[in-house]
Visitor: 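This structure is in structure tokens; I'll ask about it shortly.
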Amino acid sequence: MKISICIPHYNRIGFLRIVLASIAEQTYKNIEVIVSDDCSTDDSERVLSSIQASFPFPLVYERQISNIGYDANLRRSLELATGDYLFVLGNDDALVDHQSIDELVSFISRAGSPGLLTCNYREYSDESIVYRRVQEESLVAGTIEAAMNNYSCFSFVAGIGFRRDVFQEVNTVDHDGSIYVQIYMAVMAMLKGYELLKIEKPLVAKDVTLQSEKSNSYRDKIQRNWSGDLSPVTGGMPQVIAVFFDAIDRIGVNDVVHWKQALAAKIYSTTYPFWLLDYRRNKALPEAFRLMKGMRPVSNREVLGPALTQKLKLIYLRSTIGGLLFPVKLFNRMEGWLYSKFKGK
């Protein structure tokens with residue numbers, strides 16, 4: 001079985017070198033590495049060209065002549081791959097150890113021939129911090145229920161994968177610019193009946209450190225000052241709704257309106273209050289205020305369509321109150337349980 005490790009890249013070549021080092025030490029030998037460079041402005045081209053000749057696995061490097069954006073660059077890294085399975089890493093997300101791909105192949109082989117996969121991941125600098133989007137190893141049949149329960153397992157791109165023929169079947173330019181094209185492709189695959197392999201073992205270490213420096217985080221950009229920009233933000237949640245809605249419209253599942261309403265209710269009752277609490281925890285109440293404005297259901301009526309119901313407005317109100325009043329200390333203690341409850345269902 002050939003595994004293509006696909007890395008969409010933009011700048012941050014120092015972090016990518018650490019990621020490539022974690023790949024170079026893999027004991028599994030039938031590997032190729034694909035790096036699609038979205039027209040980096042650092043010395044990525046020079047460094048990667050120098051690495052190619054001595055890298056222990058085939059290393060395909062393609063530099064875009066202009067910036068094509070996250071979604072298109074992710075898809076391009078997958079399009080260049082020739083492996084049986086395409087496994088995605090971020091340019092700041094390493095493999096956990098030298099046997100990670102060996103273990104990945106073992107999981108895939110035991111499952112048969114799953115159409116797509118996702119695994120848990122941990123912090124690079126602290127292996128005790130594990131993000132459990134998967135609660136137990138399982139092979140999930142491709143259904144609308146599976147898509148509803150597991151779409152969020154693809155929001156963090158590192159550690160997800162597709163069988164190459166399945167990727168080719170669901171690959172599309174239609175959601176470039178959404179920042180969630182991988183969710184669209186995963187939902188489409190599940191709606192088409194392809195099985196999802198869920199791997200409990202963390203195979204990816206996120207946020208590599210370079211001389212004690214971590215890669216940039218969303219925390220570096222959120223608004224903490226009331227005198228700053230207070231324009232509405234949405235955290236990408238309407239985009240998730242839009243790509244999911246488009247997938248079920250294209251497949252034509254039964255009772256489309258019901259599933260749209262269920263998906264919108266799930267995001268407004270789980271994801272939205274989680275981010276309000278997270279911003280409060282990071283002393284960014286102005287950012288929480290911006291999110292409240294951006295996520296008002298009426299502000300997203302064009303996306304929500306028939307999912308915009310009185311019930312959804314009440315969910316938004318309840319979630320807003322909960323997100324603003326729930327004790328942050330208690331949230332910190334419960335976060336792992338909440339994450340597992342709603343992420344790895």
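For the numbers below, each heavy atom of this structure counts, side chains included, while hydrogens, waters and symmetry mates do not.
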Visitor: Counting only N and O atoms by type, is there a donor-acceptor contact under 3.5 Å from the side chain of Asp38 to the main-chain atoms of Ile68?
Guide: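 Pair found, side chain donor or acceptor close to backbone of Ile68.
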
Visitor: Begin from the C-alpha positions of Tyr10 and Gln64 and carry the test side-chain hydrogen bond (donor to acceptor under 3.5 Å, both in side chains) through to its verdict.
Guide: CA-CA 10 Å; Tyr10 179 69; Gln64 310 307 322; over 6 Å; no

Visitor: Looking at Lys283, I want to see if its NZ is surrounded by more than 12 non-hydrogen atoms of other residues, nucleotides or ligands under 6.0 Å.
Guide: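 Atom NZ in Lys283 is not packed in, count stays at 12 or less.
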
Visitor: Under 3.5 Å, is there a donor-acceptor pair between the His9 and Ser44 side chains?
Guide: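 Yes, Ser44 and His9 have a side-chain donor paired with an acceptor closer than 3.5 Å.
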
Visitor: State the CG-CD1 distance between Asn73 and Ile7, to the nearest 0.5 angstrom.
Guide: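 Output value for this atom pair is 11.5 Å.
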
Visitor: Among Thr41, Asp43, Asn91, find the residue that satisfies the side chain to side chain donor-acceptor pair (under 3.5 Å) test when tested with Asn11.
Guide: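 Filter result, single survivor: Thr41.
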
Visitor: Working to the nearest 0.5 Å, report the span between CD1 of Ile222 and CG of Asn282.
Guide: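 Going from CD1 on Ile222 over to CG on Asn282, the span is 4.5 Å.
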
Visitor: Mind running side-chain hydrogen bond (donor to acceptor under 3.5 Å, both in side chains) on Ser100 and Tyr28 for me, showing each step along the way?
Guide: CA-CA 8 Å; Ser100 293; Tyr28 191 79; over 6 Å; no

Visitor: So, Ser40 versus Arg63: side-chain donor-acceptor pair below 3.5 Å or not?
Guide: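 There is no such pair between these side chains.
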
Visitor: Could you give me the CA-CA distance, side-chain angles and deciding distance for Leu78 and Met185, then say whether side-chain contact (heavy atoms from CB on, under 4.5 Å) is met?
Guide: CA-CA 12 Å; Leu78 297 165; Met185 294 190 296; 4.1 Å; yes

Visitor: To the nearest 0.5 angstrom, please state how far the CG atom of Leu196 sits from the OG atom of Ser138.
Guide: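 The distance works out to 7.0 Å.
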
Visitor: Ignoring hydrogens, what is the shortest heavy-atom contact between Val96 and Val204? Give both atom names and the distance.
Guide: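 Shortest heavy-atom separation between Val96 and Val204 comes out as CG2-N, 3.4 Å.
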
Visitor: Within the 4.5 Å heavy-atom criterion, are Glu103 and Leu203 side-chain neighbours or not?
Guide: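 Yes, side chains in contact.
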
Visitor: Please give me the minimum heavy-atom distance between Asp97 and Gln99, naming the atom from each residue.
Guide: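 Smallest heavy-atom distance, with atoms named: OD1-N, 2.9 Å.
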
Visitor: Testing the basics here: between Leu304 and Phe245, what is the closest heavy-atom pair and its distance to 0.1 Å?
Guide: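 Heavy-atom minimum between the residues: O-CE2, 3.6 Å.
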
Visitor: With no hydrogens and no angle check, just 3.5 Å: does a side-chain donor-acceptor pair link Ser36 and Tyr61?
Guide: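 Per modelled atom types, Ser36 and Tyr61 side chains form no pair under 3.5 Å.
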
Visitor: Any chance the side chains of Lys2 and Thr82 put a donor and an acceptor closer than 3.5 Å?
Guide: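 A donor-acceptor contact under 3.5 Å links the two side chains.
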
Visitor: Give the C-alpha distance, both sets of side-chain angles, the deciding distance and a yes or no for side-chain hydrogen bond (donor to acceptor under 3.5 Å, both in side chains) between Glu32 and Ser4.
Guide: CA-CA 5 Å; Glu32 69 173 359; Ser4 298; 2.5 Å; yes

Visitor: Would you please indicate if the ring centroids of Phe162 and Tyr85 are separated by under 6.0 Å?
Guide: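 Centroid distance Phe162-Tyr85: not below 6.0 Å, so no.
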
Visitor: Using a 6.0 Å cut-off, check whether atom CD of Glu127 has over 12 heavy atoms from anything other than its own residue.
Guide: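 Not more than 12 within 6.0 Å, no.
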
Visitor: For the side chain of Ser319 and the backbone of Ile315, is there at least one donor-acceptor N/O pair under 3.5 Å apart?
Guide: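 Checking the backbone N and O of Ile315 against the side chain of Ser319, a donor-acceptor pair under 3.5 Å is found.
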
Visitor: Take atom CZ of Arg250 as the centre, draw a 6.0 Å sphere, and report whether it contains more than 12 heavy atoms from other residues, nucleotides or ligands.
Guide: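 Yes.
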
Visitor: Any sub-3.5 Å donor-acceptor pair from Ser178's side-chain atoms to Tyr180's backbone N or O?
Guide: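 Yes; at least one donor-acceptor contact below 3.5 Å.
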
Visitor: Okay, side chain of Arg132, backbone of Gln135: is any donor-acceptor separation there less than 3.5 Å?
Guide: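 Yes: the side chain of Arg132 pairs with the backbone of Gln135.
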
Visitor: Under 30°, 30 to 60°, or over 60°: which ring-plane class applies to Phe55 and Phe57, parallel, tilted or perpendicular?
Guide: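 Rings of Phe55 and Phe57: perpendicular, over 60°.
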
Visitor: Do Glu25 side-chain atoms and Ala21 backbone N/O form a donor-acceptor pair below 3.5 Å?
Guide: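 No, because the side chain of Glu25 does not come within donor-acceptor range (under 3.5 Å) of the backbone of Ala21.
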
Visitor: Would you check if Met188 and Ile251 make a side-chain contact, meaning some heavy-atom pair closer than 4.5 Å?
Guide: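 Touching, per the 4.5 Å side-chain cut-off.
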
Visitor: Looking only at the aromatic ring of each residue, does the gap between the centers of Phe331 and Phe274 stay below 6.0 angstrom?
Guide: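 Yes, close enough.
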
Visitor: When you look at CG of Asn254, are more than 12 heavy atoms from neighbouring residues, nucleotides or ligands closer to it than 6.0 Å?
Guide: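 Result for CG/Asn254: open.
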
Visitor: Does Val328 share a hydrophobic cluster with Leu285, counting links as ILVMFWY side-chain heavy atoms below 4.5 Å and allowing steps through other members?
Guide: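 No, it is not one cluster - the side chains of Val328 and Leu285 are not joined through contacts under 4.5 Å.
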
Visitor: Hydrophobic clusters here meaning ILVMFWY residues chained together by side-chain heavy-atom distances under 4.5 Å, can you tell me if Phe154 and Tyr194 are in one?
Guide: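 Yes, because Phe154 and Tyr194 connect within a single hydrophobic cluster, where side-chain heavy atoms sit under 4.5 Å apart.
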
Visitor: More than 12 heavy atoms of other residues, nucleotides or ligands under 6.0 Å from NZ of Lys29: yes or no?
Guide: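 Atom NZ in Lys29 is crowded, with more than 12 foreign heavy atoms closer than 6.0 Å.
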
Visitor: Test of understanding: clusters of I, L, V, M, F, W, Y form through side-chain heavy atoms closer than 4.5 Å, transitively. Do Leu48 and Val60 belong to the same one?
Guide: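 No; tracing contacts between hydrophobic side chains, which count when under 4.5 Å, never links both residues.
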
Visitor: Charged N to carboxylate O under 4.0 angstrom, Glu169 versus Lys192?
Guide: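 So Glu169 pairs with Lys192 through a salt bridge.
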
Visitor: Mind checking whether Gln261 and Leu308 have side chains closer than 4.5 Å, heavy atoms only?
Guide: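 A side-chain contact under 4.5 Å is absent here.
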
Visitor: Might you point out which heavy atoms bring Ile160 and Cys153 nearest each other, and give the distance in Å?
Guide: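 What the structure gives for the nearest pair is CG2-O, 3.9 Å.
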
Visitor: Are any non-hydrogen side-chain atoms of Tyr316 and Met292 less than 4.5 angstrom apart?
Guide: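 A side-chain contact exists here, since the closest heavy-atom pair is under 4.5 Å.
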
Visitor: Drop me the distance from Leu59's CG to Ile31's CD1, to the nearest 0.5 angstrom.
Guide: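 Separation between the atoms: 12.0 Å.
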
Visitor: Taking the side chain as every heavy atom from C-beta outward, state whether Arg290 and Asp229 have any atom pair closer than 4.5 Å.
Guide: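 Yes - at least one pair of side-chain heavy atoms lies under 4.5 Å apart.
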
Visitor: Return yes if some donor-acceptor pair links the side-chain N/O of Asn171 with the main-chain N/O of Glu79 below 3.5 Å, else return no.
Guide: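 Not a single qualifying donor-acceptor pair exists.
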
Visitor: Can you find a pair of side-chain heavy atoms, one from Leu89 and one from Ile23, that are under 4.5 Å apart?
Guide: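 Yes, their side chains come closer than 4.5 Å.
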
Visitor: Do Val243 and Val257 sit in one hydrophobic cluster, given that two such residues count as connected whenever their side-chain heavy atoms are within less than 4.5 Å of each other, even indirectly?
Guide: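 No.
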
Visitor: Please report the shortest heavy-atom distance between Ala307 and Leu312, naming the atom on each side.
Guide: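 So the two residues come closest at O-CD2, 3.4 Å.
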
Visitor: Within a strict 4.5 Å, meaning less than it, do heavy atoms of the Cys119 and Val134 side chains meet?
Guide: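 No, every pair of side-chain atoms sits at 4.5 Å or beyond.
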
Visitor: Between Arg133 and Ser152, is there a side-chain donor-acceptor contact under 3.5 Å, judged purely by atom types and distance?
Guide: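 On atom types as modelled, these side chains do not qualify, holding no pair under 3.5 Å.
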
Visitor: With side-chain hydrogen bond (donor to acceptor under 3.5 Å, both in side chains) as the test, would you mind laying out the steps for Asn120 and Glu200 before giving the verdict?
Guide: CA-CA 6 Å; Asn120 285 333; Glu200 183 181 6; 5.5 Å; no

Visitor: Any chance you could measure Leu20, atom CG, to Ile5, atom CD1, to the nearest 0.5 Å?
Guide: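 So the CG of Leu20 and the CD1 of Ile5 are separated by 9.0 Å.
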
Visitor: To the nearest 0.5 Å, what is the distance between CG on Asn67 and SG on Cys39?
Guide: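 Asn67 CG to Cys39 SG: 6.5 Å, rounded to 0.5 Å.
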
Visitor: Measure across Thr234 and Pro238 and return the closest heavy-atom pair with its distance rounded to 0.1 Å.
Guide: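 Taking Thr234 first and Pro238 second, the nearest heavy atoms are CB-CD, 3.4 Å.
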
Visitor: Would Lys206 pass as a cation-pi partner of Tyr131, given that its NZ or CZ must be under 6.0 Å from the six-membered ring centre and within 45 degrees of the axis?
Guide: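 Yes, cation above the ring, under 6.0 Å and within 45°.
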
Visitor: Do Arg164 side-chain atoms and Gly83 backbone N/O form a donor-acceptor pair below 3.5 Å?
Guide: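 Yes, the answer is positive, given that a donor and an acceptor are paired below the 3.5 Å cut-off.
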
Visitor: Quick check: Trp226 with Phe289 (ring centres under 6.0 Å apart)?
Guide: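 Distance test on ring centres: under 6.0 Å, yes.
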
Visitor: I'd like to know if Ile321 and Leu276 are part of one continuous hydrophobic network [Ile/Leu/Val/Met/Phe/Trp/Tyr, side-chain heavy atoms within less than 4.5 Å].
Guide: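 No, because Leu276 and Ile321 fall into different hydrophobic clusters, even though each may have its own neighbours under 4.5 Å.
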
Visitor: Output yes when a side-chain donor or acceptor of Asn30 lies under 3.5 Å from a complementary backbone atom of Met1, and no otherwise.
Guide: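 Flag set: sc Asn30 to bb Met1 pair under 3.5 Å.
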
Visitor: Are Gln182 and Val88 packed together at the side-chain level, in the sense that at least one heavy-atom pair is separated by less than 4.5 angstrom?
Guide: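 Of all side-chain heavy-atom pairs linking Val88 with Gln182, none is under 4.5 Å.
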
